[in-house]
Amino acid sequence: MVTRKVSVPAAVQLEGVHCVFGTGERAVRAVDGVDLAIAPGEFFTLLGPSGSGKTTVLRMIGGFTLPSAGRLLIGGEDVTLRPPYARPVNTVFQDYALFPHMSIADNVAYGLMVRGVGKAARRRQANDMLALVQLDGVGERRPAQLSGGQRQRVALARALINRPQLLLLDEPLGALDLKLREQMQSELKALQRQLGITFVFVTHDQHEALSMSDRIGVFHRGRLEQVGTPQVIYDRPATRFVARFVGAANVLDDDAARRLTGHVSVMLRPERIRLGGAAGARAGGTVSEVQYFGAFTRVRVNAAGVGLQADLPPGAAVPEVGATVHLHWDASAVHALSDEPAAAATAAAVAAPAPLGAAA
Amino acid sequence: MVTRKVSVPAAVQLEGVHCVFGTGERAVRAVDGVDLAIAPGEFFTLLGPSGSGKTTVLRMIGGFTLPSAGRLLIGGEDVTLRPPYARPVNTVFQDYALFPHMSIADNVAYGLMVRGVGKAARRRQANDMLALVQLDGVGERRPAQLSGGQRQRVALARALINRPQLLLLDEPLGALDLKLREQMQSELKALQRQLGITFVFVTHDQHEALSMSDRIGVFHRGRLEQVGTPQVIYDRPATRFVARFVGAANVLDDDAARRLTGHVSVMLRPERIRLGGAAGARAGGTVSEVQYFGAFTRVRVNAAGVGLQADLPPGAAVPEVGATVHLHWDASAVHALSDEPAAAATAAAVAAPAPLGAAA
Amino acid sequence: MRSDPSKAPLALKLSAWGVIAFLHVPLVLIILYAFSAEDKSYVFPPPELTTQWFAVAWAREDVWAAIRLSFEVAAWSTALALVLGTLAAAALARANFFGRDAISLLLVLPIALPGIITGIALRSAYGTLQIPFSFWTIVVGHATFCVVVIYNNAVARLRRLNPNLIEASMDLGADGFQTLRHVVLPQLGSALLAGALLAFALSFDEVIVTTFTAGQQTTLPIWMLQELIRPRQRPVTNVVAVVIIALTFFPILAAYWLTRPTPESS
Amino acid sequence: MNLALALPTPAPSLRRRISDTLYTRPGLLLLALLAPPLLWFGVIYVGALLTLLANAFFSLDDFTGQVVRELTLKNFAELLEGANLDVALRTVVMASAVTLASIVLAFPLAYYMARHARGATKAALYLAVMLPLWSSYLVRLYAWKLLLAKEGAVSWLAAQLHLTWVLEALLGLPGIGGQSLSFSTLGTFIVFVYMWLPFMVLPIQASIERIPGSLIEASGDLGAAPGITLRRVILPLALPGIAAGSIFTFSLTLGDYIVPQVIGDSTMYIGQVVYLQQGTAGNVPFAAAFSLVPIVVIGVYLWFARRLGAFDAL
Amino acid sequence: QKGMLQKLGKGEGQVDIVAWPGYIERGQTDKQFDWVTGFEQKTGCKVNVKTAGTSDEMVALMNEGGFDLVTASGDASTRLIRGKKVQPINTALIPSYKNVDARLQKAPWHFEGNTHYGVPYQWGWNVLMYNTTVFKDKAPTSWSVVFEEQNLPDGKSNKGRVQAFDGPIYIADAALYLKAKKPELGIKDPYELTEAQYKAALELLRGQRKIVGKYWHDAFVQIDDFTNEGVVASSSWQFQANILGSKKRPIATVVPTEGATGWADSTMMHADAKHPNCAYLWMEHSLNPKLQGDLSAWFGSVPAVPAACKGNALLGDEGCKRQGYESFDKISFWRTPVAQCASQNNQCVPYHKWVSDYIAVLGGR
Ligand SMILES: Nc1ncnc2c1ncn2[C@@H]1O[C@H](COP(=O)(O)OP(=O)(O)OP(=O)(O)O)[C@@H](O)[C@H]1O
Ligand SMILES: Nc1ncnc2c1ncn2[C@@H]1O[C@H](COP(=O)(O)OP(=O)(O)OP(=O)(O)O)[C@@H](O)[C@H]1O
Ligand SMILES: [Mg+2]
Ligand SMILES: [Mg+2]
């Protein structure tokens, strides 16, 4: 589901949207010129490091923050200045924002109540919604009496009962622990497919983004660095920043890159590197560190001054630290990065390794 | 560094330790009979889901919580009832717990100050410690002026300045974002190797546990479910719970297990399953879901009523949903699980998949 | 920047500032009449203005004596309340034991029950035990209702105080007393100071309980009462009130900054 | 650097031993902390209240004004006389009215302070609310007498604005009107509201401040216009603060004897009667009996307020 | 007499006095009116004054203790004597006692059981104060202007424009008015009322409640009320009239035909006085004609020492007469109502009833 020029209006469209907090010296450009169109029915993820502007974009779509400049359309209608309660959009907040003084059923039925739906109808629909998120029977409890995962589902039911065109989710799984999170990821994705609602999903977890999304927009310092399907983002990152932020990556520049690959600036995923014999090896070096991760083993190799990491599959022979190894990869595994100095500088700042023990 | 009977006393030894909070009806058995010996110089990780008792064990070692029953020895000395300030142990708290009203240097020197070390000596040692954790020059700042990663290092320096026999770390990296966390993992591990201090490390992140530890103790409902090296825990989990909690796992029981593997209860890691031709296939079925994770692609296959997941390496051909595929694995990849009904029941409760959309 | 949803609607703004105005009209009047040339009964608007009353007030010994007494009473009451309130807060902040609610109710009672009850109860107790009125009979009354102010401030701060800080301190080798001195008190300091300022203010302006426990001593509010009922130089009371307002301006501001919830973490 | 070397542990001092004891026996620590405040409140305060209660069962020699220490229920019988019931009822009605009015006035201000004002404005508002509390209560009260007098500032202003007829209409209201604002129950009410308003603003402000912003956004997100959000989300969540504030306004009105003596129509309130009986008439036993009225009223009120969570919002 | 001081010793350095406001002046308000400083210098006894606004308050203060002297009115003095809160006075130690007005020397409010319990200080009556602009030249002659609803000479109703005293003793004023207005009730003494007479007085007061906006409680508040609340007539003291007069307000006073209640104050000594010598020195000083004359001019009262009426610059020679020196017999002096009363066969309504009933009247009941 790639961006395409279609006659149906985009579910959401941002045109040159900026958002600046504060004024003068201390102004923060939280969102710095974003153009984006999300198709109806799409599961679109905003991915990026902390402070990159993801939440701010979501809040502008929801109407909680007004853009400093630019236009915002939902379903083709300009809603730039509409208050939240007049937008066909609902939100699942990161902290769920359940009303602590109301029962679960009343929380779920809130959207109906404020629209003046009668009590009986409210009750019935709320129960249906709770059933949909597999929470039958907790309607009379208070939010404080539910576990984190259950609250998350209530927040979802409360948003969905309004049948929004668009559901916004701000790191909805951030507070859950790993296993519960994996389970909720499947459930959310299944639900989205079933209902056909457009989801705009915020996360800083790359695994989550890759496995759930139709498309991902990678944010960096208030700008959209790249928009694409998970495959495109992972395999063909546009910039060094995207390459390093999504997944583990060997990013090589200048000399090293030219020497090993013939390009100026490249990315090579560690799982694409194999160990093998000297014959046909693309590079060779000594093992500096071996880390066991269960599903794979990461080996750091110092190849003539260039640090490369290779992820070995289970069952592969793992070399000792200090051993000499030969590295192999397919030419197709090497992805040339566009030359974008600003982004490169940033990427370096984010991931520059400085092993803590080395100094003493 | 496996448990061994040695003449040097264990760095920490827990003997039949219990911890019960509250009384009567509402009593919570947070720790329910733990025996454990950690060798000097070991990097030992307590791994387990939320609420399994990891923090409680750590707090008992630190002296913040007194055991309800059992004995606790540090370096061979019984310290069961000693207050924290009289134990040769220091702690790095999850939220760092830096004193907000003191400068960084004063924070680091705190342990020396309360022991009556003179001002000049304190200052000198604090500076050395800050240098050790690569934070020269921030001594005059306040904790609020540091970033998360910097605070984490200060907390470490503050604990280490007391030269503890034992350093306790309660999810010290939990508050950091992914990239910073990976960096700090390397640094911490390097530091531990350099100093040779025993580390007792709490986490619920399996990757962290697998990649950093000498040994891992897996907690479940206040009990130690398995203790072993990362390889043992990942490749030869003792129980269904451990198999499912650490990494992704296909856990098969009874009929299905017997049919496919000849054992009663087995575990098969998804990355050990390959797709291939019909010839020599161990099982076959239709693809029910395909999830892209970048470094691999997870394929769920419905093999005659048994759900199996296989992780395909990058470059492998990925089947469509609904396609018929044949699954291959080596006999060595199948790990028989011990028959432990209690644990099995639990494991099922934790990970039972119940796709959310299915009901409606 | 366009209008922000976080901006207040005009009606809200107007009513908020309207209430503020309501709170301040009498203060304006007090200031105005500190300069009134009339000395016994006031008429509005004042016929003439003069600054003579400041000099007069300065020269009047009874004002100074009353201020001194009030100051001492407030200082002692605050000090006592600091000790009692902090101890109670330390005990009740986190602990959960039987009777906890009863104790917190008991602490709230002196401020929840009308002052006249506290006053008359203390007075009848003094009477029954034949305790003659003295400086301390006032202080006891004031300290009793000041405790809750300190307690509330301290308990709120203690609940916000990261318990790990105390544990971290003990972990680093500090015993209970060292932890108290180096960690708990510095953390509590600003809350206690703010509570103390409020307690001081309450005591300094208290008239109802004082009426019953002062005997023939004249605290500043009692002096005001006598002055107002039987005025000799009525503007002098206004002058004193104005001076007190001016002097208390900064302590209130300090209390606000000290207790303001900060986003600070760690 | 050999970090594995343990630092020398200091020799156990007395301080350490006490610390050790208290650490291993938390009950003892609790006792040590609680003893002084409990002694103070248990002995001095509760003791005084009990003396007062005991006094309520004595009587007064009519002629000499001396307390006769013989147990009698005569005071309580007297309490039930019409005039005394009137006083009690009048006071409770006044306290309730004052409390309601304070809530109505305080809420918008508190809301504005908590959710909109920032930085310097917020500090200024806080200061503005606190400032009246610091300027003598009595001086403010007499300032009101001047404001409300027939020939005072309010009338003067009304005349300037040609609104005298509004004032007259208000004063013409039966029951609360009177000769002038300062001679009417309406005046008493205004001054009470003025006096206790800051005690209402601050707790409400604190409780609104504690409402997470996301709840208010969630309400808007779900389609609630601001008015509905106010009624359905903010008000219920600010209730503990309102209840806490109302403890102050209610109790302060219930016990005050100075305001109605200076402003009003000379009808009496509980505080005045207690003061009069105790101080002027020297009838301590009857005063004691009468003071049980506010104690009971407040007791009931506190019981309600506690269920609303007011104690955590004080 | 037992318990009486027989010989004057050395002064204790201070004396604590409960007094009516304005009774003991040291020139704080007006330099001319100072009768304390000289005494302090002469005797070395520092004078501490606690003012009390009502007789009841004075009794309460004396019961509480800690004072040497009190300037008690007749309605308080009897209670103090019977409550044993004051001690007998040895007039031999007060040389000026012989100069006291003969009508007061053995007045019942301080002389009981052949024993002196106090030294007469001043006396006066509760006048009718009125606004001369409203009443023009037709000065009111009856208390009815404050008791009954009627139109005043300016053509407007008296409703809301008159005041009454905020104290139970005011019931006696009502009784005094009824004594003349309704002779059939047979009121002999306004402080000795049978149940029926008392009821009639209360009834009158209930009617008055409807025309009184606010009762006056202390002198200065009443001054304010006459200044800016539109009050035009009320029972009052000469004191208020004097101050208002000095402010050039159109105020005058009159004693209506029904007569008036009044007060006669005596300086009495606490049973447990800590400074008896200074107390005796003060009592002697209090009878000094200069003091008596000054005080009389200041307060609008009548001196207890006739000599004070002559040659006092502040009072003027007409002063005593103006303040009612010759009307002694028309005045019903304040006394405490008791059940055992001579004029009505010991069937009178006692004071404690007056207190609660007056509260009820103010409450509109
Ligand atoms: N109300 C605000 N006032 C001032 N600055 C703000 C405000 N909200 C956000 N910012 C700033 O704008 C930038 C973007 O913030 P935003 O919350 O959108 O980031 P994010 O990508 O959601 O990060 P995170 O993953 O930490 O939630 C940050 O620098 C943040 O500090
Ligand atoms: N002070 C306490 N009072 C009552 N129950 C407690 C207390 N501390 C912990 N518990 C309970 O004991 C159990 C174990 O808690 P613990 O904090 O040790 O878990 P954990 O493994 O550290 O979990 P997490 O990963 O969430 O930190 C939980 O059920 C918890 O609710
Ligand atoms: Mg965010
Ligand atoms: Mg934990």
Side-chain angles (χ1 to χ4, degrees), chain C residues 6 8 12-13 15-16 19-20 22-27 29-30 42-44 83-84 87-88 90-91 95 97 103-108 110 112-117 120-122 124-125 128 140 144 147 152 175-177 201 205 207-208 221 224-225 228 237-238 241 244-245 248 252-253 256, chain D residues 15-16 19 22-23 30 33-34 36-37 40-41 44-45 47-49 51-52 55 105 108-109 111-112 116 123 126-128 130-140 142-144 146-147 151-153 156 197 247 251 254-255 257 271 274-275 278 284 287-288 291 294-295 298 302 311 314:
Chain C
S6 66
L12 177 66
K13 242 179 168 163
S15 43
V19 171
I20 291 287
F22 172 60
L23 285 173
H24 285 261
V25 166
L27 300 194
L29 216 71
I30 290 171
Y42 288 160
V43 284
F44 184 85
V83 174
L84 296 172
L87 286 175
F97 53 89
I103 296 174
S104 67
L105 180 68
L106 191 59
L107 294 176
V108 172
L113 285 181
I116 192 166
I117 307 239
I120 182 172
L122 284 173
S124 50
T128 308
V140 164
T144 302
V147 169
N152 278 335
D175 60 36
F177 297 96
D205 195 31
V207 54
I208 292 186
M224 291 262 188
L225 190 62
L228 286 163
T237 55
N238 290 50
I244 301 284
I245 295 175
T248 50
I252 309 175
L253 202 57
Y256 170 72
Chain D
R15 194 188 70 201
R16 280 252 154 172
S19 181
L22 292 179
Y23 188 84
L30 195 63
L33 290 172
L34 270 181
W40 183 281
F41 278 85
I44 299 182
Y45 189 63
L49 285 178
T51 323
L52 184 68
N55 260 305
L105 287 182
L109 174 58
Y111 186 81
Y112 181 71
H116 295 290
Y126 182 82
L127 196 64
M130 287 295 280
L131 202 58
L133 287 185
W134 284 68
S135 32
S136 168
Y137 150 83
L138 292 159
V139 177
R140 278 180 292 145
Y142 278 84
W144 271 106
L146 206 57
L147 276 168
E151 289 153 41
W156 180 83
L197 194 54
I247 293 177
S251 130
L254 223 48
Y257 61 86
V274 169
Y275 180 73
Q278 190 284 151
V284 177
S291 57
I295 293 183
I298 289 279
L302 283 182
F311 286 9
L314 271 178

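Every chain is numbered from 1 and lettered A, B, ... according to where its sequence line falls, protein lines coming before strand lines. For the numbers below, each heavy atom of this structure counts, side chains included, while hydrogens, waters and symmetry mates do not. All of these numbers come straight from a predicted model, not from anything done at the bench.
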- Atom of C:Ala16, atom of D:Leu109 and distance for their closest heavy-atom approach: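 Nearest heavy atoms, C:Ala16 then D:Leu109: O-CD1, 3.6 Å.
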- Message: Can you give me the closest heavy-atom contact between D:Ala128 and C:Ile20, atom names plus distance?
- Response: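 For D:Ala128 versus C:Ile20, the nearest heavy atoms are CB-CD1, 3.8 Å.
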Identify which of [options] forms the greatest number of heavy-atom pairs closer than 4.5 Å to chain C.
options                                : answer
D:Ile295, D:Ile44, D:Leu254            : D:Ile295
D:Ala123, D:Gly152, D:Gly271           : D:Ala123
D:Ala153, D:Ser291, D:Pro132, D:Pro294 : D:Ala153
D:Pro36, D:Gly255, D:Ala48, D:Ala143   : D:Ala48

[X] versus chain C, heavy atoms under 4.5 Å apart: side chain, backbone, both or neither?
X        : result
D:Ile298 : side chain
D:Leu197 : side chain
D:Tyr23  : side chain

Minimum side-chain heavy-atom gap [X]-[Y] below 4.5 Å:
X        : Y        : value
C:Thr144 : D:Phe41  : yes
D:Trp40  : C:Leu87  : no
C:Ser15  : D:Tyr112 : no
C:Pro26  : D:Leu147 : yes

Residue [X] versus chain D: region with a heavy atom under 4.5 Å:
X        : result
C:Ile120 : both
C:Leu113 : both
C:Leu122 : both
C:Val83  : neither

- Against chain D, work out which of C:Ile244, C:Leu12, C:Thr237 has the most heavy-atom pairs shorter than 4.5 Å and name it.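 Ranked by contacts with chain D, first place is C:Leu12.
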How long is the straight-line distance from [atom2] of [Y] back to [atom1] of [X], given to the nearest 0.5 Å?
X        : Y        : atom1 : atom2 : result
C:Leu23  : D:Arg140 : CG    : CZ    : 9.0 Å
D:Tyr142 : C:Ile30  : OH    : CD1   : 13.0 Å
C:Leu106 : D:Tyr45  : CG    : OH    : 8.0 Å
C:Thr128 : D:Asn55  : OG1   : CG    : 5.5 Å
C:Phe177 : D:Leu22  : CZ    : CG    : 6.0 Å
C:Leu225 : D:Ser136 : CG    : OG    : 9.5 Å

- Apply side chain to side chain contact (heavy atoms under 4.5 Å, CB included) to D:Leu138 and C:Asp205, showing your working. CA-CA 9 Å; D:Leu138 292 159; C:Asp205 195 31; over 6 Å; no
- Message: Whether the side chain of D:Thr51 engages the backbone of C:Ala125 through a donor-acceptor N/O pair (distance < 3.5 Å, no angle test) should be reported.
- Response: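 Looks like no, no N/O pair under 3.5 Å.
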